[in-house]
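Here's the structure, in structure tokens; my notes come after.
Note that the numbering runs from 1 along the sequence shown for the chain. Remember, it's 1-based here, ligands and their atoms both numbered in the order they're listed. Note that the structure is a prediction, hence the values are computed from the model and not measured.
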Amino acid sequence: MRGWTVVGGGITGLRAALALAKVADVTLVTKEGASESNTHYAQGGIAVAMGGAEDVELHGQDTIQAGDGLVFERAARLLVEEGPARIEELLAWGTNFDRERNGEGDLMRTREGAHSLPRILHANGDATGREIGRALLERVKHEPRIHLHERVTTRELVVSDGRVIGVHALDAANGPLTFAGSGVLLASGGAGQVYSDTTNPGVATGDGIAMAYRVGAEVSDMEFYQFHPTALSVPGAPRFLLSEALRGEGAWLRNHRGERFMERYHPLAELAPRDIVARAIMREGIGERLGETLPVYLDMRHITGKDLHARFPGISARLSEYGFDLSKDLIPIRPAAHYLMGGVRTDLHGRTNVPGLFAAGEVACTGVHGANRLASNSLLEGLVFGVRAAEAMLQDGLRAETPIAAEKDAAAVRGSASAELDANRVSALRERLRGLMWLHAGLLRDQAGLSTIRSELNAMRHELPADTTRENAEMCNLHTVAELIVASALARKESRGAHARTDFPQHNPGQAKHSRMAQGHVDFIDFT
Ligand code: SIN
């Protein structure tokens, strides 16, 4: 089949598929139902400067400031300058952002951490990603050139004569499938499942990054994993995201003594950049005795004159399942892995170093977020860089001299048959990896812990299963992503943004560069 394969049904994949379908056929594959992605769970909103040149300039400055000296400024400029047009499109396509005066007035804007102005649009209070996904998916479903394949797990990229032309995959019953055409856009999102504590859904297993790395793609900035400061902390419950917009509306953070502590850590207090808030919460939660953990709380009890349940209907409903009332109770919180700033290294058009392979959104690293992403910039990233990648793909495809034939056979499975494990053992292996990553490559890191987990990961390599099922393929991918994070974190001997090394607590000016990893080696480069 001629045309392009897009992997991922979040905001980036959907928006890119629509841009590609103007000219080409698109095969859009998603691991679960098309709406299950990080996009679907994005609560707070989408940051955008709709107020003209000065507004755009400030959004750029905030993005650069939050990224702690590592934002690739050209990427940030593109994000903030092209963002407003992408939002106008969403509005034209029927996305219902919240408006003043009962939906009749201007777009409502809220403030979040490290933003100098209220510029975050939201939908249905705290269900922004779901609303944007709904509007895009509706359009995708009416586009005859887009062929949607749900419940398909991608295993391996298909390479022919040095060019990526498609993907080997598994259907819902783990039957082999191959999609091939002109090339592939990875829009497969992040890898939060590599950590035991994450706000990400189960699909976020870093498949795109691992597949790309295996065919020789360079990855960058893998040491920068953003930990969202406020996930619900109830034993045995998932780390449900408690949006930064809560703090934007005035929520405070309190330690176990009931003290508001953020003012001790940053002049912006609860609205400091995310990495600073997350580490402060972690420090306040470390007790005097080894292994002791003290509770930290989000507090909105002082907020009067606002109907918090109406403003945050999804969060309120979820909290009530655990017996909490947003306006009356202290809510126990803790940080959880949320967003990967690093990923498959691309230029500003989604091009990787491998012909035929493009990447955009969270799976990619353009340098737009530097060492720490500004709150609510990720949905905008998906729109802006999804379209830019699609435009470059169409140019690339039009230059392709001959049609590319589809391959018939699925690739040989990785791992050995003897390494095939039963589902329980794979699940135990996955949990072990996630726990070790949290412990040794989480919010605070050092040489000893990172070396320990590197040895563990080396040993684990021999326990990896053959990738003949979704769970097994995910296990292999999580392992690859963990290795990339750990190797990059070991190489960066400084603290910057989300990467905090207790043995190197300061910036190292010599490492104010992006890490790049290929074929097991890490170096540091400037993005140009
Ligand atoms: C949130 O609502 O806090 C998450 C949005 C984001 O990750 O930027």
So with a 6.0 Å cut-off around CD of Glu54, is the heavy-atom count from everything else above 12?
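Count not over threshold, so no.
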
Shortest non-hydrogen contact from [X] to [Y]?
X      : Y      : result
Gly8   : Leu28  : O-CD1, 3.3 Å
Arg111 : Leu268 : NH2-CD2, 4.4 Å
Tyr195 : Ala337 : CD1-CB, 3.4 Å

Answer yes or no for Arg318 and Phe240: cation-pi contact, defined as NZ/CZ to six-membered ring centre under 6.0 Å and angle to ring axis within 45°.
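Positive - Arg318 is close enough to the ring of Phe240 and near enough to its axis.
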
Would you say ligand 1 has an N or O under 3.5 Å from any N or O of [X]?
X      : value
Asn377 : no
Gly44  : yes
His228 : yes

Name the closest protein heavy atom to [atom], giving the residue it belongs to and the distance to 0.1 Å.
atom                   : answer
atom 7 (O) of ligand 1 : His338 NE2, 2.6 Å
atom 5 (C) of ligand 1 : Arg274 NH2, 3.6 Å
atom 8 (O) of ligand 1 : Ser376 N, 2.6 Å

Give me the ring orientation class for Tyr225 and Phe227: parallel if the planes are under 30° apart, tilted from 30 to 60°, perpendicular past 60°.
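Tilted, since the angle between the ring planes falls between 30° and 60°.
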
Does ligand 1 have an atom under 4.0 Å from some heavy atom of Ala375?
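Yes, Ala375 has a heavy atom closer than 4.0 Å to ligand 1.
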
Could you list which atoms of ligand 1 come closer than 4.0 Å to a heavy atom of Arg373?
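Ligand 1 atoms under the 4.0 Å threshold to Arg373: 6 (C), 7 (O), 8 (O).
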
If you count the atoms of ligand 1 from 1 in the order shown, which ones are under 4.0 Å from a heavy atom of Glu244?
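Listed by number with element: 1 (C), 2 (O), 3 (O).
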
List the steps, then state whether salt bridge (Lys or Arg N to Asp or Glu O under 4.0 Å) holds for Arg264 with Glu284.
CA-CA 11 Å; Arg264 280 194 267 117; Glu284 294 291 318; 3.1 Å; yes

